[in-house]
Amino acid sequence: MFLYRIYQFVIMIPLMVVVTVVTALIVMLGSIVVGPRLGYYPAHVWARVMAWLSLVRVTVKGRENVRPGRACIFVANHQGAYDIFAIYGWLNHHFVWMMKQSLRKIPLVGYACYRAGHIYVNRRTPADIKRTMETAERRLGEGYSVVVFPEGTRTKTGRLGAFKRGAFHLAEEFSLPVVPVTISGSYHVMPPQARLPRPGHITLTIHRPIEPPEDGRYDVAELMSRSREAIASALMSGEHRGVSVRLDT
């Protein structure tokens with residue numbers, strides 16, 4: 001552990017800072033010159049490098065459930081900070097995030113995410129919520145897929161929390177498939193109280209898409225329930241180890 005701490009402070013953290021700054025600059029410049037869609041590819045590589053530097057391995061199951069070039073809404077549980085790296089680096093599907101407004105304040109990174117077309121979620125007032133949903137609708141209308149953490153925030157206990165309705169209303173509005181994604185292991189890699197990550201293994205389980213009904217009108221409550229059950233099924237199956245198997249009901 002002592003040698004690992006030396007590695008973190010002498011090698012890992014400085015390299016992560018440099019890689020993040022360089023990636024943010026490339027995304028900003030590329031998105032301005034070429035357009036927002038260019039922003040995905042540098043970040044995809046960045047996420048893999050960040051996991052590699054942290055000695056975190058990622059395994060993907062169910063990749064066949066992602067259809068290339070098809071817009072959809074991915075909904076995933078949110079175990080920790082390394083969920084970002086797992087999805088960005090290993091989902092292998094062009095998308096934009098719905099992310100907290102507070103992340104907009106991160107120097108360079110916040111602006112780079114804005115230039116890349118990611119959606120900042122602002123819930124301060126009904127008018128802010130409306131603008132957020134309108135932005136999401138524009139991105140979906142442009143053919144982007146969207147990744148949402150419907151719990152709204154990282155779990156503080158390792159348990160799967162209640163889902164918010166926003167992502168599912170978007171699926172109904174645009175009659176898009178919803179693809180549940182189970183993330184397991186990132187809570188162990190970096191629990192909420194931890195300041196630094198530890199080596200680990202994250203499993204990304206991509207479930208079968210929930211297709212819209214023939215009339216295009218989901219029952220939103222049922223869609224939320226089916227998505228949560230799919231995500232919970234991988235956590236309960238014994239395929240993943242650790243605190244993530246505990247579920248709120």
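In what follows, every heavy atom counts, from backbone to side chain, and hydrogens, waters and symmetry copies are set aside.
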So if you build clusters from Ile, Leu, Val, Met, Phe, Trp, Tyr with side-chain heavy-atom gaps below 4.5 Å, do [X] and [Y] land together?
X: Leu29; Y: Tyr111; value: no
X: Val45; Y: Val27; value: no
X: Val109; Y: Ile26; value: no
X: Val22; Y: Trp52; value: no
X: Ile11; Y: Ile13; value: yes

pair [X]-[Y]: side-chain heavy atoms closer than 4.5 Å:
X: Val178; Y: Pro209; value: no
X: Thr203; Y: Val58; value: no
X: Val181; Y: Val75; value: no
X: Ser54; Y: Tyr82; value: yes
X: Met99; Y: Val121; value: no

How far apart are the closest heavy atoms of [X] and [Y], and which atoms are they?
X: Phe95; Y: Val147; answer: CD1-CG2, 3.3 Å
X: Thr155; Y: Pro192; answer: O-CG, 3.5 Å
X: His201; Y: Thr59; answer: NE2-OG1, 2.6 Å
X: Ala221; Y: Arg165; answer: N-NH2, 4.4 Å
X: Pro197; Y: Tyr4; answer: O-OH, 3.5 Å
X: Ile87; Y: Ala76; answer: CD1-CB, 4.0 Å

Quiz item: Can a salt bridge be assigned to the pair Glu172 and Arg217 using a cut-off of 4.0 Å between side-chain N and carboxylate O?
Solution: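 Result for this pair is yes, salt bridge flagged.
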
Supply the atom-to-atom distance [X] [atom1] to [Y] [atom2], rounded to the nearest 0.5 angstrom.
X: Met190; Y: Arg195; atom1: CE; atom2: CZ; value: 10.5 Å
X: Leu15; Y: Thr20; atom1: CG; atom2: OG1; value: 10.5 Å
X: Arg5; Y: Arg198; atom1: CZ; atom2: CZ; value: 9.0 Å
X: Ser186; Y: Leu204; atom1: OG; atom2: CG; value: 9.5 Å
X: Arg208; Y: Ile206; atom1: CZ; atom2: CD1; value: 14.0 Å
X: Leu53; Y: Met16; atom1: CG; atom2: CE; value: 6.5 Å

Quiz item: Between Phe85 and Arg48, is there a cation-pi geometry (under 6.0 Å to ring centre, at most 45° from the normal)?
Solution: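 Pair Arg48/Phe85 does not count as cation-pi.
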
Exercise. May I ask you to decide if the ring planes of Tyr40 and Tyr88 are parallel, tilted or perpendicular, using 30° and 60° as cut-offs?
Key: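 The rings of Tyr40 and Tyr88 sit tilted, inter-plane angle from 30° to 60°.
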
Practice problem: Please work out which of the three classes, parallel, tilted or perpendicular, describes the rings of His78 and Phe149, given edges at 30° and 60°. | Solution: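 Rings of Phe149 and His78: parallel, as their planes differ by under 30°.
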
Quiz item: Is there a donor-acceptor contact under 3.5 Å linking the side chains of Thr125 and Lys130?
Solution: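 Side-chain D/A pair, Thr125 to Lys130: absent.
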
Quiz item: Is it true that the side chains of Ser102 and Tyr120 contain a donor and an acceptor less than 3.5 Å apart?
Solution: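 Note: Ser102 and Tyr120 side chains miss the donor-acceptor criterion.
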
Quiz item: Given Arg57 and Ile202, is the side chain to side chain contact (heavy atoms under 4.5 Å, CB included) satisfied, shown in steps?
Solution: CA-CA 6 Å; Arg57 183 165 58 95; Ile202 297 173; over 6 Å; no

Quiz item: Between Tyr218 and His169, is the ring centre distance below 6.0 Å?
Solution: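 Ring centroids of Tyr218 and His169 are no less than 6.0 Å from each other.
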
Exercise. Let me see the working for Ser225 and Glu229 under side chain to side chain contact (heavy atoms under 4.5 Å, CB included), right down to the final yes or no.
Key: CA-CA 6 Å; Ser225 177; Glu229 286 174 5; 3.4 Å; yes

Quiz item: Can you check side chain to side chain contact (heavy atoms under 4.5 Å, CB included) on His94 and Ser145, steps first, answer last?
Solution: CA-CA 7 Å; His94 198 131; Ser145 291; over 6 Å; no

Practice problem: Please assess His118 against Leu103 for the test side chain to side chain contact (heavy atoms under 4.5 Å, CB included), listing each intermediate value before the final yes or no. | Solution: CA-CA 11 Å; His118 298 298; Leu103 299 177; over 6 Å; no

Exercise. Quick one: do Lys100 and Thr153 satisfy side-chain hydrogen bond (donor to acceptor under 3.5 Å, both in side chains)? Show the steps, please.
Key: CA-CA 9 Å; Lys100 287 183 177 181; Thr153 189; 3.1 Å; yes

Quiz item: OH of Tyr7: more than 12 outside heavy atoms within 6.0 angstrom?
Solution: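 Buried by this count: over 12 neighbours within 6.0 Å.
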
Exercise. May I ask you to check whether over 12 heavy atoms, not counting those of Glu214, lie within 6.0 Å of atom CD?
Key: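 Not buried by this count: 12 neighbours or fewer within 6.0 Å.
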
